[in-house]
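What follows is a set of notes on a single structure, which appears directly below.
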Amino acid sequence: MELNSNQIQEIIPHRYPFLLVDRITELEPGKSARGIKCVTANEMQFMGHFPQKHIMPGVLIIEALAQTGAVALLTEEENKGKIALFGGIRNARFREQVIPGDVLDLRVEIGSRKGPLGIGKAEAYVGDKLACSAELIFAVDQDNQEN
């Protein structure tokens with residue numbers, strides 16, 4: 001299943017300038033998602049990171065992965081209309097610089113879960129090179145209905 005940016009915004013609450021997933025290319029609700037982020041020099045973070053040599057901040061790569069994982073979680077029937085929150089980040093590694101013109105291939109597999117809590121294995125690639133990997137700990141907010 002593919003989702004465009006408008007469909008993604010129907011699932012997660014993020015909006016410009018903080019929506020960091022342009023398209024979902026593969027989706028298995030509650031289990032995994034794969035998306036893309038097209039990095040451009042027009043993004044606000046490049047005004048300061050770094051003006052002389054644009055490099056996408058690692059924290060934004062992690063956030064793009066988290067948003068991709070949130071789409072996987074929140075398309076699961078029992079989680080529709082809820083929000084997914086960060087519970088933590090483990091073993092984050094940054095192996096390649098991400099620069100304007102790159103297309104991030106965002107891959108998240110939802111692993112162990114216990115109630116609203118769980119862990120996702122997240123990887124971001126540029127071409128065939130692993131740019132970032134991490135374990136993302138999440139919580140689906142049971143009280144906060146988005147709509």
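From a predicted model like this one, the values you see are computed outputs, not experimental measurements. Computation of the quantities below employed the complete heavy-atom set of this structure, encompassing side-chain atoms and omitting hydrogens, waters and symmetry-equivalent molecules.
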(Q) Holding to salt bridge (charged side-chain N to carboxylate O under 4.0 Å, His left out), I want the full list of residues that pass it with Glu135, two or more places apart in sequence or in another chain. (A) Arg90
Q: If you link ILVMFWY side chains whenever their heavy atoms are less than 4.5 Å apart, which other residues fall into the same cluster as Ile36? By chain and number, please.
A: Val103
Q | Student check: side-chain heavy atoms of Val98 and Ile55 closer than 4.5 Å | A | no
**Q.** Sequence-distant partners of Arg93, salt bridge (charged side-chain N to carboxylate O under 4.0 Å, His left out), two or more places apart
**A.** none
Q: Calculate, to the nearest 0.5 Å, the distance between atoms CG and CD belonging to Leu130 and Glu123 respectively.
A: 5.5 Å
**Q.** Qualifying side-chain hydrogen bond (donor to acceptor under 3.5 Å, both in side chains) pairs with a residue from residues 64-74, counting only residues at least two apart or across chains
**A.** Glu63-Gln67
Q.
To the nearest 0.5 Å, what is the distance between CG on Leu3 and OG1 on Thr75?
A. 7.5 Å
Q. If you measure from CG on Leu73 to NZ on Lys80, what distance do you get to the nearest 0.5 Å?
A. 13.5 Å
Q. Is there a donor-acceptor pair closer than 3.5 Å between any side-chain N or O of Arg95 and the backbone N or O of Lys129?
A. no
Q. How long is the gap from CZ on Phe46 to CD1 on Ile99, to the nearest 0.5 Å?
A. 9.0 Å
Q. Yes or no on side-chain contact (heavy atoms from CB on, under 4.5 Å) for Lys121 and Ser133, after CA distance, side-chain angles and deciding distance?
A. CA-CA 8 Å; Lys121 175 187 172 191; Ser133 62; over 6 Å; no
Q) Are the side chains of Ile119 and Ser112 in touch, meaning some heavy atoms are under 4.5 Å apart? A) yes
Q.
Distance check, rounded to the nearest 0.5 Å: Leu74 atom CG versus Ile12 atom CD1?
A. 8.0 Å
Q: Report yes if some heavy atom in the side chain of Met44 is under 4.5 Å from a heavy atom in the side chain of Tyr16; otherwise report no.
A: yes
Q. Quick check: does any side chain N or O of Asn4 sit under 3.5 Å from a backbone N or O of Asn6, one acting as donor and the other as acceptor?
A. yes
Q.
Applying ring pair (Phe, Tyr, Trp, His ring centres under 6.0 Å) as the test, list every pair that has at least one member in residues 81-140; sequence neighbours left out.
A. none
**Q.** With sequence neighbours excluded, residues passing salt bridge (charged side-chain N to carboxylate O under 4.0 Å, His left out) with Arg34
**A.** Glu26, Asp105
Q) At their closest point, which heavy atom of Ala124 faces which heavy atom of Leu106, and how far apart are they? A) CB-CD2, 4.0 Å
Q: Return the set of residues passing side-chain contact (heavy atoms from CB on, under 4.5 Å) with Glu28 (not counting sequence neighbours), or none when no residue passes.
A: Lys31, Ser32
**Q.** Option passing side-chain contact (heavy atoms from CB on, under 4.5 Å) with His14 (candidates Leu19, Leu20, Ile83, Val21)
**A.** Leu19
Q | Distance, nearest 0.5 Å, that separates CG of Asn79 from CD1 of Ile11 | A | 12.0 Å
Q. If Ile, Leu, Val, Met, Phe, Trp and Tyr residues are connected whenever their side-chain heavy atoms lie under 4.5 Å apart, and connections chain through other members, are Phe50 and Val59 in the same group?
A. no
**Q.** Selection residues 44-56 - residue pairs positive for side-chain hydrogen bond (donor to acceptor under 3.5 Å, both in side chains), sequence neighbours left out
**A.** Glu43-Gln45
Q. Run the side-chain contact (heavy atoms from CB on, under 4.5 Å) check on Ile89 and Ile137 step by step: do they pass?
A. CA-CA 6 Å; Ile89 303 166; Ile137 303 165; over 6 Å; no
Q.
Can you list, by chain and residue number, the hydrophobic cluster partners of Leu117 when the side-chain cut-off is 4.5 Å?
A. none
Q. Any idea which heavy atoms bring Asp22 and Cys38 closest together, and the distance?
A. OD2-N, 2.6 Å
Q: Not counting sequence neighbours, list each pair that qualifies as a salt bridge (Lys or Arg N to Asp or Glu O under 4.0 Å) and has a residue in residues 65-76.
A: Glu76-Arg113
Q) With a 4.5 Å limit on heavy-atom distance, are the side chains of Pro116 and Asp141 in contact? A) no
Q: Step by step, work out the side-chain contact (heavy atoms from CB on, under 4.5 Å) result for Ile110 and Val108.
A: CA-CA 6 Å; Ile110 306 301; Val108 179; 4.1 Å; yes
(Q) I need the minimum non-hydrogen distance between Ala70 and Ala84, along with the two atoms involved. (A) CB-CB, 4.0 Å
Q. When Ile, Leu, Val, Met, Phe, Trp and Tyr are grouped by side-chain heavy atoms lying under 4.5 Å apart, directly or through other members, which residues fall in the same group as Met47?
A. none
**Q.** Closest approach of Ile61 to Cys132 (non-hydrogen atoms, all atoms of both residues)
**A.** CG2-CB, 3.7 Å
(Q) Holding to salt bridge (charged side-chain N to carboxylate O under 4.0 Å, His left out), I want the full list of residues that pass it with Glu78, two or more places apart in sequence or in another chain. (A) none
